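These notes concern the structure reproduced below.
This one's a predicted model, so the numbers in the text were calculated from it and none came from an experiment. Numbers for residues simply follow the sequence, beginning at 1.
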Amino acid sequence: MTTMTDASVREFKMPDVGEGLTEAEILKWYVQPGDTVTDGQVVCEVETAKAAVELPIPYDGVVRELHFPEGTTVDVGTAIIAVAVAGGAAPEAPAEQPEAEPAQPEEPKESKPQGRQPVLVGYGVATSSTKRRPRKGPEVTVPAAAQAIQAELNGHGGAVADKPRPLAKPPVRKLAKDLGVDLTVVIPSGPDGIITREDVHAAAAPQAAEPVAPVPAAPAAPAPVAAYDTGRETRVPVKGVRKATAQAMIGSAFTAPHVTEFVTVDVTRTMKLVEELKQDKELQGLRVNPLLLIAKALLVAIKRNPDINASWDEANQEIVLKHYVNLGIAAATPRGLIVPNIKDAHDKTLPQLAEALGELVATAREGKTSPAAMQGGTVTITNVGVFGVDTGTPILNPGESAILAIGAIKLQPWVHKGKVKPRQVTTLALSFDHRLVDGELGSKVLADVAAILEQPKRLITWA
């Protein structure tokens, strides 16, 4: 996104690196004034409301100026860097005008209507084609003296030459006469300067005092800034990912009616399977953990209950059923919470899903998640168990119908085969949009996930 300001300097504007983003913060400049840049070279890193993105320059040249320092939030479409480019196009010379010929006297003739004349932008005002209908009968010329006499009879005296006659309809003139109001001093408020009845009444109203010229109000004092102890408090501006997260959560919480259901399940067999899969040659070098099998369990549950994978279209009053699953994984990063998703997760084998999860987590930790990776999600998983938390009531990602929270997996006393034994136990929580997901459907999905984690062989029998 560039703008040519003169023959050799181009302004590179802040682009919209996501869908509908309006601003971005400049995190770091990789160039300084005087540096030579080439087409495709990264000149800065910016943080949008969704992710950190590196911006390449689209041409060769020498950096002339950086318009904003690091840490500045800039609106999309604002020039951020000026680059002097070689071989700039010179401005075109104005076309030579033919030498004016001496004016020739012409006989007066009837003026013809001309077309609209082009101006700087668009065309000028169209020539009016309105014609006045000629009067019938011989034209009568009224002498100036007669006009003066008539004006005197109308009560305006010699003001004909000095001031135009006020515009008012006969009933309004009669009202002014009855109230003793001089129409020449009434300020009209009607269209085309016509005096209305309200104008006459306003002029007839008694004035408490002579009008005083308005005194310009003193500029309002700036609102006092609340004082706080900088040694005891730190204030952090709300921007970037944190700002986007806050807006999304407020929009979701107060738009979709949330319902959250819970289930506590024995995942001992799933944990044993995780350890066995870590030794499998097909999964060598891949990220194998409980999240992998829980993700696979959720995908199987969605396949058995496809109506959970939907969204609510408020504008068209439709429920949109998705025939694909873009599985979102909530990830905590230094810049805040982001939810990238694995595209078409329903089609992936277990090794492919493990590879995709590993890449997603690594990219998120590095802060390199692209905006595209965070768009189009259908269902999300959030793992609060990594923080030692038993469970929670997760808020839906905007545009999605369900989110599954995984609690901490702990060794707890559990009745197994009629005896109390220590077992690996966790609590799952499923929040869903009650506009399109009934309690029965939500309960079935959560129950299927729990059943698979309790007996992971169902990954084969149910798949």
Can you give each donor-acceptor pair under 3.5 Å made by side-chain atoms of residues 436-447, sequence neighbours left out, with the distance rounded to 0.1 Å?
residue, atom, partner, partner atom, Å
E440, OE2, K444, NZ, 3.4
S443, OG, E261, OE1, 2.9
S443, OG, E261, OE2, 3.0
S443, OG, G439, O, 2.7

Verify side-chain hydrogen bond (donor to acceptor under 3.5 Å, both in side chains) between T264 and T427, making sure each step is shown before the conclusion. CA-CA 4 Å; T264 303; T427 300; 3.2 Å; yes
So CD of E318 and CH2 of W312: to nearest 0.5 Å the spacing works out to 10.5 Å
Any side-chain to backbone donor/acceptor pair from H346 onto V325? Under 3.5 Å, distance only. yes
Got a donor-acceptor contact below 3.5 angstrom from the N326 side chain to the T378 backbone? no
Residues forming a salt bridge (charged side-chain N to carboxylate O under 4.0 Å, His left out) with E366, sequence neighbours excluded: none
Answer yes or no: is there a side-chain heavy-atom contact under 4.5 Å between M374 and T369? yes
Looking at CG of L327 and CD of E400, how far apart are the two atoms once the value is rounded to the nearest 0.5 Å? 9.0 Å
Could you pull out all donor-acceptor pairs under 3.5 Å where a side-chain atom in residues 453-463 meets a protein atom, sequence neighbours excluded?
residue, atom, partner, partner atom, Å
R458, NH1, A451, O, 2.8

Considering only heavy atoms from C-beta outward, does the side chain of V63 approach that of Q32 to under 4.5 Å? no
Set of side chain to side chain contact (heavy atoms under 4.5 Å, CB included) partners for N383, sequence neighbours left out: V386, I406
Run V9 and V85 through side chain to side chain contact (heavy atoms under 4.5 Å, CB included) and show every step you take. CA-CA 6 Å; V9 177; V85 298; over 6 Å; no
Suppose we screen for side chain to side chain donor-acceptor pair (under 3.5 Å). Which residues come up paired with T270, at least two apart in sequence or across chains? none
What pairs with R287 under salt bridge (charged side-chain N to carboxylate O under 4.0 Å, His left out), at least two apart in sequence or on another chain? none
Decide side-chain hydrogen bond (donor to acceptor under 3.5 Å, both in side chains) for S401 and D433; before the verdict, give the C-alpha distance in whole Å, the side-chain angles of both, and the deciding distance to 0.1 Å. CA-CA 5 Å; S401 61; D433 185 345; over 6 Å; no
Measure the spacing between CD1 of I81 and CZ of R64 and express it to the nearest 0.5 Å. 12.0 Å
Side chain proximity check, V384 to T391, heavy atoms < 4.5 angstrom: no
Between E314 and Q317, does a side-chain hydrogen bond (donor to acceptor under 3.5 Å, both in side chains) hold up when you go through it step by step? CA-CA 5 Å; E314 181 66 28; Q317 288 294 292; 3.2 Å; yes
Please say whether more than 12 non-hydrogen atoms of neighbouring residues, nucleotides or ligands are located less than 6.0 Å from CZ in R365. no
Output the distance between atom CG (D344) and atom NE2 (H323), rounded to the nearest 0.5 Å. 13.0 Å
Between K368 and E54, is the salt bridge (Lys or Arg N to Asp or Glu O under 4.0 Å) condition met? List the steps. CA-CA 9 Å; K368 302 298 183 182; E54 293 181 335; 3.7 Å; yes
Would you say that T349 contacts L353 through its side chain, given a criterion of any heavy-atom pair below 4.5 Å between the two side chains? no
With a cut-off of 6.0 Å (strictly less than), are more than 12 heavy atoms of other residues, nucleotides or ligands near CD1 of I187? no
Please identify each residue that fulfils side chain to side chain donor-acceptor pair (under 3.5 Å) with T393, with sequence neighbours left out. none
Euclidean distance, N309 CG relative to L321 CG, rounded to 0.5 Å: 8.5 Å
What do the steps show when you test W414 against V420 for side chain to side chain contact (heavy atoms under 4.5 Å, CB included), and what is the final call? CA-CA 5 Å; W414 192 264; V420 177; over 6 Å; no
Quick one: do K278 and E275 satisfy salt bridge (Lys or Arg N to Asp or Glu O under 4.0 Å)? Show the steps, please. CA-CA 5 Å; K278 288 181 180 179; E275 295 304 318; 3.6 Å; yes
Quick one: list whatever passes salt bridge (charged side-chain N to carboxylate O under 4.0 Å, His left out) with D199, sequence neighbours left out. none
Is the closest side-chain heavy-atom distance between I26 and M14 below 4.5 Å? yes
Nearest-0.5 Å distance that lies between atom CG in N316 and atom CD1 in I319: 13.0 Å
Using the side chain to side chain contact (heavy atoms under 4.5 Å, CB included) rule, pick out the option among V379, T382, V449 that qualifies with L404. V449
Min side-chain heavy-atom separation P340-I329 under 4.5 Å: no
Heavy atoms, side chains only, cut-off 4.5 Å: are L273 and L293 in contact? yes
Pairwise salt bridge (Lys or Arg N to Asp or Glu O under 4.0 Å) hits with a residue in residues 296-310, at least two apart: R304-D448
For the pair T363 (side chain) and L360 (backbone), establish whether a donor and an acceptor sit closer than 3.5 Å, ignoring hydrogens and angles. no
Considering all heavy atoms of both residues, which atom of A364 and which atom of T333 are nearest to each other, and what is their separation? O-CG2, 3.4 Å
Taking the side chain as every heavy atom from C-beta outward, state whether L298 and I381 have any pair of such atoms under 4.5 Å apart. yes
Would you name the heavy atoms of S431 and T260 that are closest together and state the gap between them? OG-OG1, 2.7 Å
Can you name the side chain to side chain donor-acceptor pair (under 3.5 Å) partners of W29, sequence neighbours left out? none
Going by the salt bridge (Lys or Arg N to Asp or Glu O under 4.0 Å) test, which pairs reach into residues 34-43, not counting sequence neighbours? none
Residues that D390 engages under salt bridge (charged side-chain N to carboxylate O under 4.0 Å, His left out), provided they are two or more places apart: K410
